[in-house]
Amino acid sequence: MDSNPLVSIVMGSESDMEIMMESANVLKAFGIPYETRIISAHRTPAVVHQFAASAEERGVKLIIAGAGKAAHLAGVMASLTVVPVIGVPMPTSDLGGLDSLLSTVQMPGGIPVATVAIGKAGAKNAALLAVGILALENKTLRDRLAAYREKAAREVQEADQKLQEKGLPSA
Ligand code: RP5
């Protein structure tokens, strides 16, 4: 946790924490100061208002908001600040996360929430998107992001080479 965070990671419940750790891990790896909070649009709405209203003056550049079911946290946050909000829909037991996805992504025109995939991939990509946006004004970060992509490409190529040499493992 940093006293001057550039990114806020917020989640609606403690039950979202395991998934939202994916965002935190990426930001940590890129050396980006971030903060994490559990704040709920329906259980602690006053805290959400206070938090969002103060984000810009505290120097926060991006908010990553993860929530599930009737997931209104990202949209409510976006309505309360001009700081861009990236929404991460949580997987759910009843509807597989489709409920979270639709309630995060289907914002009426005027108040955008940049919505990523459901679950861990989305949480990871939310942070990578934040890195990319911050990298627009930061060459060091831009080079780190390029190196991250190159490493991912190398890993695929190595896996393919191994497959060509050894074939599929026998069942
Ligand atoms: C949302 O409701 C949270 O973001 C969470 O994904 C979902 C379920 O919350 P719990 O009942 O597990 O606290 O507010």
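The figures that follow rest on heavy atoms only: side chains count, while hydrogens, waters and symmetry mates do not. Atoms within each ligand, like the ligands themselves, are counted from 1 in listed order.
- Looking at K162 and E158, no side-chain N of the basic residue comes within less than 4.0 Å of a carboxylate O on the acidic one, giving no salt bridge.
- When all heavy atoms of E22 and K124 are compared, the pair lying nearest together is CB-N, 3.9 Å.
- In terms of protein heavy-atom proximity, atom 5 (C) of ligand 1 is nearest to D16 OD1, 3.3 Å.
- Nearest-residue assignment for atom 14 (O) of ligand 1 (options M90, H42, K69; heavy-atom criterion): H42.
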Donor-acceptor contacts, no H, no angles, side chain residues 75-83, under 3.5 Å, sequence neighbours left out:
| from | atom 1 | to | atom 2 | distance (Å) |
| --- | --- | --- | --- | --- |
| S79 | OG | V76 | O | 2.6 |
| T81 | OG1 | V83 | N | 3.1 |

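- Aromatic ring pairs are classed by plane angle as parallel below 30°, tilted from 30° to 60° and perpendicular above 60°; the pair H42 and H72 is perpendicular.
- I19 and V10 sit in two unconnected hydrophobic clusters of ILVMFWY residues. Membership requires side-chain heavy atoms under 4.5 Å apart, directly or through other members.
- Checked against a 3.5 angstrom limit, the closest N/O atoms of S15 and ligand 1 fall inside it.
- Protein heavy atom nearest atom 10 (P) of ligand 1, with residue, atom name and distance: S13 OG, 3.5 Å.
- At a 4.0 Å cut-off, at least one heavy atom of R43 sits close enough to ligand 1 to count as contact.
- I32 and L129 fall within the same hydrophobic cluster, defined by Ile, Leu, Val, Met, Phe, Trp and Tyr side-chain heavy atoms under 4.5 Å apart, directly or through other members.
- Residue contacts with ligand 1: G68 is placed with a nitrogen or oxygen under 3.5 Å of a nitrogen or oxygen of the ligand (distance criterion only).
- Each of the following atoms of ligand 1 lies closer than 4.0 Å to a heavy atom of G12: 3 (C), 4 (O).
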